[in-house]
Asks: 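Got a structure for you, written out below as structure tokens; questions coming shortly.
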2 protein chains.
Amino acid sequence: MDKDISQAVISRLPRYLRYLGELKDKNVERISSSELSVLMKVTASQIRQDLNNFGGFGQQGYGYNVDYLYSEISKILGLEHQYNFIIIGAGNLGKALGGYLNFEKRGFILKGMFDKNPDLIGTEVRDVKVMPMEELPAFIRSNDIDIAVLTIPKEGAVLVAKVLVENGIKAIWNFAHVDLDVPEYVQVENVHLSDSLMKLSYNISSYNENNKQ
Amino acid sequence: MDKDISQAVISRLPRYLRYLGELKDKNVERISSSELSVLMKVTASQIRQDLNNFGGFGQQGYGYNVDYLYSEISKILGLEHQYNFIIIGAGNLGKALGGYLNFEKRGFILKGMFDKNPDLIGTEVRDVKVMPMEELPAFIRSNDIDIAVLTIPKEGAVLVAKVLVENGIKAIWNFAHVDLDVPEYVQVENVHLSDSLMKLSYNISSYNENNKQ
DNA sequence: GTTTCATTGACAATAATTTAACACAAGTTG
DNA sequence: CAACTTGTGTTAAATTATTGTCAATGAAAC
């Protein structure tokens with residue numbers, strides 16, 4: 001029954017969490033919105049407003065308790081759950097994501113990897129074997145998989161996404177350079193790397209344009 | 001002398017380019033904002049407004065010429081330049097980005113890779129050898145490097161960024177999970193993968209919250 | 001040519017987001 | 001324990017982004 005929180009706010013939460021984590025590591029006990037605003041280079045107002053979307057975590061005259069706020073934001077982001085995930089596409093990108101241990105710390109458990117390339121099948125990332133695509137549907141059904149990570153070229157992505165959805169996947173982290181068309185109940189988070197690179201390219205040119213003499 | 005274009009607009013340009021590229025491949029000659037709006041699931045108004053930030057590329061009663069619009073957006077994004085880039089961090093992620101051939105098609109030329117791990121030094125990605133970090137400063141200076149891609153853990157990233165900037169790098173594509181503090185003339189584009197994953201996590205939990213019975 | 005039709009570019013209206021302002025509860029100090 | 005300070009939570013204002021509308025204009029039809 002939460003009222004809708006804008007994606008702009010959601011996008012900022014992980015960054016708050018990151019800074020709070022660093023403060024925790026430094027054994028900082030409390031912090032005010034204005035101190036945090038200096039650290040993070042945002043307005044104190046925005047911090048307060050963002051947090052108040054989810055309830056009051058601070059105390060007048062005291063500020064925010066770092067540990068408490070950290071754990072509340074974790075909860076908001078759903079990081080207290082465990083999620084089982086699989087990776088489709090065992091190329092370098094798939095392997096990089098599969099090998100990234102910090103995901104496990106956050107409760108994202110790699111259960112399987114899949115690829116259509118016979119040379120990759122049987123190879124391992126950590127203790128997880130790469131399986132052939134034929135085994136994908138059965139694997140999803142019998143291993144309680146929550147998230148599928150798509151690290152394959154765009155040509156195959158649309159079809160694979162269809163298979164994923166048919167077999168009950170509810171969330172896709174999509175690195176394929178194509179917009180997936182899935183039912184509304186399936187959550188998709190796109191990471192379009194070349195879009196990001198083009199943005200950088202724009203900012204380089206635009207800076208040069210505005211600063212040439 | 002361009003007036004400032006908002007990052008929201010810039011972020012949408014690569015997506016326009018992608019759809020226009022697909023239309024080009026299908027030999028579509030012209031398209032109206034309303035046709036494109038259906039394809040892309042945005043409003044026609046937004047398309048026209050976005051494009052008009054940069055000038056009038058269409059024609060009343062005709063629409064937009066696909067080839068022309070494609071090339072104009074390419075120019076806006078600075079994709080008619082060539083950029084030389086290097087990758088710092090030759091792990092799986094670095095190798096994945098280094099091996100991604102589409103970047104080269106867009107004018108991003110991989111000139112070198114660097115890592116501090118002796119086991120990786122000398123290995124190759126395409127025809128580019130991984131070099132030790134000691135050679136980084138001299139290499140940047142003598143090879144006209146525009147962009148550095150940071151695919152190393154956050155611990156080393158801040159220091160490496162400092163070295164990059166000192167040696168003349170003007171743009172950083174940052175995959176390290178930390179905010180870099182660089183002079184304003186250095187363009188930084190962040191790709192924080194775990195932030196993206198947390199956003200997905202939020203959307204899963206939030207969907208479940210709102211739809212449980 | 002002239003008329004009709006399609007569709008842009010411009011702008012006004014609306015919506016969303018961010019920043020500022022401030023009342024007041026909670027802490028602190030002498 | 002009274003006066004003072006801090007800093008949240010909240011409401012209001014400002015800014016920014018998105019959408020809807022329409023006159024102007026060029027393309028197509030005849």
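Worth saying up front: this structure is predicted, and the values here are computed from it rather than measured. In what follows, every heavy atom counts, from backbone to side chain, and hydrogens, waters and symmetry copies are set aside.
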Asks: Centroid-to-centroid, A/Phe108 to A/Tyr83, below 6.0 Å?
Replies: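 When the ring centroids of A/Phe108 and A/Tyr83 are compared, they turn out to be within the sub-6.0 Å range.
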
Asks: Could you encode protein contacts along nucleotides 2-12 of chain D as a string, one character per nucleotide from 5' to 3', using B for base contact, S for sugar-phosphate-only contact and - for no contact, with a heavy-atom cut-off of under 4.0 Å?
Replies: ----BBBBSB-

Asks: Using 0.5 Å steps for rounding, measure from the CG atom of B/Leu97 to the CH2 atom of B/Trp173.
Replies: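 Between B/Leu97 CG and B/Trp173 CH2, I get 5.5 Å after rounding to 0.5 Å.
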
Asks: Backbone N or O of B/His192 within a donor-acceptor pair of the B/Ser196 side chain at under 3.5 Å?
Replies: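 No; zero donor-acceptor contacts below 3.5 Å.
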
Asks: Are A/Tyr16 and A/Tyr70 close enough that their ring centers fall under 6.0 Å?
Replies: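 Not close enough - the centres of the two rings lie 6.0 Å or further apart.
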
Asks: Measure from CD1 on A/Ile47 to C1' on C/dA20 and round the result to the nearest Å.
Replies: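 Rounding to the nearest Å, CD1 of A/Ile47 and C1' of C/dA20 are 15 Å apart.
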
Asks: Could you tell me the separation between the CG atom of A/Asn53 and the P atom of C/dT18, rounded to a whole number of Å?
Replies: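 That distance rounds to 11 Å.
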
Asks: Holding to side-chain hydrogen bond (donor to acceptor under 3.5 Å, both in side chains), I want the full list of residues that pass it with A/Gln7, two or more places apart in sequence or in another chain.
Replies: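 Partners of A/Gln7 by the side-chain hydrogen bond (donor to acceptor under 3.5 Å, both in side chains) criterion, ordered by chain and then number, come out as B/Asn203.
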
Asks: Measure from the side chain of B/Ala8, starting at C-beta and using heavy atoms only, and say which of C/dT19, D/dA17, D/dT19 lies closest.
Replies: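 So the side chain of B/Ala8 is nearest to D/dA17.
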
Asks: Going by heavy atoms in the side chains, are A/Gln187 and A/Ile172 under 4.5 Å from each other?
Replies: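 The answer is no; the side chains never approach within 4.5 Å.
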
Asks: Counting only side-chain N and O atoms of A/Ser6, is one of them less than 4.0 Å from OP1 or OP2 of C/dA16?
Replies: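 Answer is no, no contact under 4.0 Å.
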
Asks: Rounded to whole Å, how long is the line connecting atom OH of B/Tyr68 with atom C1' of C/dT8?
Replies: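 So the two atoms are 14 Å apart, to the nearest Å.
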
Asks: Which whole-number value in Å describes the distance from B/Gln46 CD to D/dG20 P?
Replies: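 Rounded to whole Å, this separation is 11 Å.
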
Asks: Please state how far atom CG in B/Leu69 lies from atom P in C/dT7, giving the value in whole angstrom units.
Replies: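 The answer, rounded to whole Å, is 15 Å.
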
